[in-house]
Amino acid sequence: MLTKKQIEEEVLVEMEKMFPDAHCELTHENPFELTIAVLLSAQCTDVLVNKVTKNLFKKYKSPEDYLAVPIEELEQDIKSIGLYRTKAKNIKKLCQSLIEEFGGEIPKERDQLVLLAGVGRKTANVVTSVAFNEPAIAVDTHVERVSKRLGICRWKDSVLEVEKTLMRKIPKQLWSDTHHRFIFFGRYHCKAQSPQCHVCPLAHLCREGKKRLKS
DNA sequence: CTCCCGATAT
DNA sequence: ATATCAGGAG
């Protein structure tokens, strides 16, 4: 298991060198669009989501716009994303409670955000961090995989345990940047199927990297 | 835990 | 053919 010192002095330093300007790759122009984009991104790549939201955000500007069309039409508009029936239903519910309970605006507090349909802890963390500039570490598939391979947390840890460990071992002012750097690292180098351990600057301290470089 | 699910990479 | 993709709800 990596120590807090190793994480701060080696992992975070290398991550910053590799991805100095890591950022949210879901295209959006306001908190509402960001929330919809993150909701759509479940079990789907950012590239696909951006392809769909390019047209979606032209057609639907407000919660009222999503409520104005039959659900079948919304389903067709997001079909290529996958999980489209669940997501369409959640968008409808989310828009309705936005209007009825939140004055038509995306709430800024995570406790409020998770009350919205289709918004869990991970999505809420992305919205608070990216849209409202509040420090948070959203643990998605990449953050989880990278944290476990490097040995920052244990293999059996739940996503909540991973998040707690990261918050404990990383200075709060670096939470949001680190979150994005872990995602870039996981997406482009430490990939699920074929991690690039042979060119990874962290391989010398990575449990999984050492194991993979032997074979 | 299972289910939701199309697109893409391997 | 199978694994994976910025997960969440029941």
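Nucleic acid contact class of Lys79(A) (heavy atoms, under 4.0 Å, all strands): sugar-phosphate only. Within 4.0 Å of Lys89(A), counting heavy atoms only, lies no atom of the nucleic acid at all.
With P as the reference atom, dT2(B) and dA6(C) are 23 Å apart, rounded to whole Å. A gap of 14 Å separates the P atoms of dC5(B) and dG10(C), to the nearest Å.
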(message) Treating primed atoms plus P, OP1 and OP2 as sugar-phosphate and everything else as base, which nucleotides of nucleotides 4-10 of chain C get B, S or - for protein heavy atoms under 4.0 Å?
(response) SBBBSS-
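Neither side chain, His180(A) nor Glu25(A), offers a donor N or O lying under 3.5 Å from an acceptor on the other. Residues Tyr60(A) and Asp77(A) bring a donor and an acceptor atom of their side chains to less than 3.5 Å of each other.
Nearest-nucleotide assignment on DNA chain B puts the 5′-proximal partner with Tyr84(A), out of Lys51(A) and Tyr84(A).
Atom CD of Glu75(A) is separated from atom P of dC4(B) by 14 Å (rounded to the nearest Å). At whole-Å resolution of the value, CG in Asp77(A) and C1' in dC5(B) are 17 Å apart. The distance from atom CD1 of Ile78(A) to atom C1' of dC4(B) is 12 Å, rounded to the nearest whole Å. Whole-Å rounding puts the Ile81(A) CD1 to dC5(B) P distance at 13 Å.
Checked against the 6.0 Å centroid threshold, His142(A) and Tyr188(A) do not count as a close aromatic pair.
The residues Glu75(A) and Lys89(A) are annotated as not salt-bridged, no charged nitrogen and carboxylate oxygen being separated by less than 4.0 angstrom. A salt bridge links Arg110(A) with Glu163(A): the closest approach of a Lys/Arg side-chain nitrogen to an acidic carboxylate oxygen falls below 4.0 angstrom.
Residues Ala124(A) and Val119(A) approach most closely at N-CG1, 3.9 Å, considering heavy atoms.
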